[in-house]
Amino acid sequence: MTDRFGRTIDYLRISVTDRCNLRCRYCMPEEGVPMLGHKDILRFEEIVAFMRVAASDGIVKVRLTGGEPLCRLGIVDLVRMLLAVPGLHDLSVTTNGILLPQFAADLKAAGLKRVNIGLPSLDPTTYAHLTRLGSLDTALAGLKAAVDIGFDPIKLNVVVLRGVNDDLAPYLDLTRRLPVEVRFIEYMPIGPLGEDHYLVPATELRRRLEALAPLEPADKPDGNGPAQDYRRIPGAPGTVAVIAPVSEHFCPTCNRLRLLADGHLRLCLFGADEIDIRPALRPVVNDEALRALLVRAMQQKPECMPETARHYGRAMGSIGG
Ligand code: SAM
Ligand code: SF4
């Protein structure tokens with residue numbers, strides 16, 4: 001699929017739930033987000049019906065996200081069902097890792113090859129503070145489960161907040177020991193915290209990394225996605241990269257759509273433009289109507305994020321990042 005600005009759209013992020021077992025300060029309000037009713041959430045059959053049409057129209061890459069995707073009952077079945085969709089080449093999951101000790105083996109057996117894990121600090125006190133409900137030990141047990149079962153690549157998402165979790169050195173040490181790709185992500189000041197002063201711009205992140213250790217260029221792991229400049233400490237199994245959604249936004253090369261748990265197709269992370277796909281799924285699946293909605297999405301997808309990226313209408317945890 002190509003949108004009206006000539007961008008190839010081949011990537012779909014599917015948020016399977018907006019519930020989460022953590023409450024990261026940069027993502028969710030302390031009380032969580034209002035819970036969707038059971039019938040407001042897309043059923044697996046509906047997600048797969050949409051995916052069949054989307055894959056036949058050129059969506060080849062899917063990421064399951066949330067909320068916390070592993071909190072969605074039956075998530076392993078959904079992975080299996082999606083991997084059976086013809087044309088889908090690449091499926092991954094973004095998780096906070098807390099439930100990976102429980103799910104890693106089943107996910108691998110279902111055919112999942114790779115995961116992204118949100119790990120906002122390697123310091124126990126900071127991790128507990130930032131995630132409000134989490135413990136670093138549990139998160140590290142999740143990371144270990146992912147390494148032991150052989151997911152490859154394993155990417156670690158670190159949303160960096162100035163003065164809170166901006167000690168990058170422990171992550172560099174981790175790359176000396178583990179084959180992980182640590183991605184330092186600029187904090188988007190649109191979550192519940194709001195304030196800009198937490199943002200550490202990408203240029204500063206890169207400068208700080210280079211001051212910590214000699215780094216050499218490393219291959220980009222999958223040739224896809226927005227992370228730039230993969231680097232490694234010579235000889236280290238892991239790599240680091242910086243993702244700059246704020247200071248170097250990727251609108252001109254945007255390749256994605258987002259399907260939200262409540263059946264809305266979100267056209268831009270920051271823009272409130274959404275298309276409700278449920279009328280094409282209920283009471284019965286209508287492939288032609290789904291295809292028409294995808295055509296509409298290509299016509300409506302905005303060229304770039306709105307000037308004031310704060311008015312994005314939903315919590316990050318409801319959109320899936
Ligand atoms: N629960 C999973 C997790 O934490 O990885 C998946 C959902 S979470 C919304 C997806 C990703 O969004 C997180 O890994 C985090 O990197 C990113 N994220 C959340 N809030 C953010 C913010 N304010 N700025 C930048 N990235 C954010
Ligand atoms: Fe939950 Fe992920 Fe948001 Fe943290 S970043 S609150 S783990 S959805």
Side-chain angles (χ1 to χ4, degrees), residues 13-33 35 62-72 75 92-100 103 107 114-121 126-136 138-139 142-143 146 151 154-162 164-166 171 180-202 205 225-227 241-250 256 258-261 266 269-270 305 309-310 312 314-321:
R13 296 176 67 102
I14 304 176
S15 172
V16 293
T17 177
D18 50 6
R19 296 186 195 182
C20 188
N21 45 2
L22 300 183
R23 296 281 185 281
C24 302
R25 289 174 192 271
Y26 46 80
C27 175
M28 278 212 194
E30 185 159 18
E31 64 281 9
V33 292
M35 259 188 226
V62 168
R63 173 173 299 283
L64 300 180
T65 175
E68 174 46 41
L70 303 190
C71 286
R72 174 91 189 245
I75 188 70
S92 51
V93 171
T94 297
T95 169
N96 56 33
I98 299 295
L99 294 174
L100 272 179
F103 283 108
L107 288 168
R114 65 224 227 61
V115 288
N116 286 19
I117 302 176
L119 190 60
S121 179
T126 310
Y127 184 91
H129 167 76
L130 261 179
T131 61
R132 289 195 183 101
L133 305 176
S135 92
L136 180 63
T138 321
L143 172 57
F151 285 126
I154 297 170
K155 299 185 183 182
L156 299 185
N157 287 349
V158 184
V159 178
V160 181
L161 275 69
R162 188 182 297 283
V164 182
N165 64 338
D166 56 351
Y171 289 100
V180 290
E181 293 156 16
V182 179
R183 296 138 34 101
F184 297 106
I185 303 175
E186 281 181 342
Y187 162 63
M188 298 186 243
I190 51 178
L193 285 175
E195 298 98 3
D196 295 325
H197 65 84
Y198 287 112
L199 170 68
V200 186
L205 288 170
V242 171
I243 301 190
V246 178
S247 64
E248 300 161 11
H249 54 76
F250 347 102
R256 60 197 59 187
R258 293 174 166 83
L259 180 60
L260 309 188
R266 178 121 177 161
L269 172 58
F270 297 100
M305 61 173 78
R310 277 159 199 287
Y312 71 133
R314 295 187 189 236
M316 185 72 89
S318 309
I319 305 174

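Whatever order the structure lists ligands and atoms in, that order sets their numbers, starting from 1.
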Discussion item. Test side-chain hydrogen bond (donor to acceptor under 3.5 Å, both in side chains) on E68 and T17; report intermediate values, then the result.
Written reply: CA-CA 7 Å; E68 174 46 41; T17 177; over 6 Å; no

Worksheet entry | T65 neighbourhood, listing ligand 1 atoms whose heavy-atom distance to it stays under 4.0 Å | 6 (C), 7 (C)

Fill in: Proximal protein heteroatoms (N, O or S) of atom 4 (Fe) of ligand 2, under 2.8 Å
C24 SG

Discussion item. Which of the numbered atoms in ligand 1 are under 4.0 angstrom from any heavy atom belonging to E68?
Written reply: 1 (N), 2 (C)

Discussion item. Can you confirm whether R19 is buried at CZ, in the sense that more than 12 heavy atoms of other residues, nucleotides or ligands lie under 6.0 Å from that atom?
Written reply: no

Response to the item:
The closest protein heavy-atom partner of atom 8 (S) of ligand 2 is G67 O, 3.5 Å

Fill in: Approximate separation, where rounding is to 0.5 Å, of N157 CG and T95 OG1
10.5 Å

Item to complete: Decide yes or no for P245 and I185: does some side-chain heavy atom of the first lie under 4.5 Å from some side-chain heavy atom of the second?
Response: yes

Worksheet entry | Point-to-point distance, once rounded to the nearest 0.5 Å, from OG1 of T138 to CG of N96 | 10.0 Å

Worksheet, complete the sentence: Here the atoms of ligand 1 under 4.0 Å from any heavy atom belonging to T95 are 2 (C), 3 (C), 5 (O)

Fill in: Distance filter under 4.0 Å to G66 heavy atoms, resulting ligand 1 atoms
7 (C), 9 (C)

Worksheet item: Side chains of L136 and S121: does their closest heavy-atom pair fall under 4.5 Å?
Response: no

Discussion item. Give the atom numbers and elements of ligand 1 that come within less than 4.0 Å of a heavy atom of I185.
Written reply: 16 (O)

Practice prompt. Answer whether the closest heavy-atom distance between the side chains of R25 and R132 falls below 4.5 Å.
Written response: yes

Fill in: Sub-4.0 Å atoms of ligand 1 with respect to non-hydrogen atoms of Y187
23 (N), 24 (N)

Worksheet item: What atoms in ligand 1 come closer than 4.0 Å to a heavy atom of E186?
Response: 25 (C)

Discussion item. Are there over 12 heavy-atom neighbours, none belonging to E31, within less than 6.0 Å of that residue's CD?
Written reply: yes

Discussion item. T94 versus ligand 1: do any nitrogen or oxygen atoms come within less than 3.5 Å of each other?
Written reply: no

Worksheet item: Does the side chain of P120 reach to within under 4.5 Å of the side chain of V159, using non-hydrogen atoms?
Response: no

Fill in: From CD1 (I243) to CD (E248), nearest 0.5 Å
11.0 Å

Worksheet item: Between V159 and ligand 1, which part of the residue brings a heavy atom under 4.0 Å of the ligand: side chain, backbone, both or neither?
Response: side chain

Worksheet, complete the sentence: Looking only at non-hydrogen atoms, the one of S15, G67, C20 nearest atom 6 (C) of ligand 1 is G67

Item to complete: Measure the CD1-CG distance between I98 and L133 for me, rounded to the nearest 0.5 Å.
Response: 9.5 Å

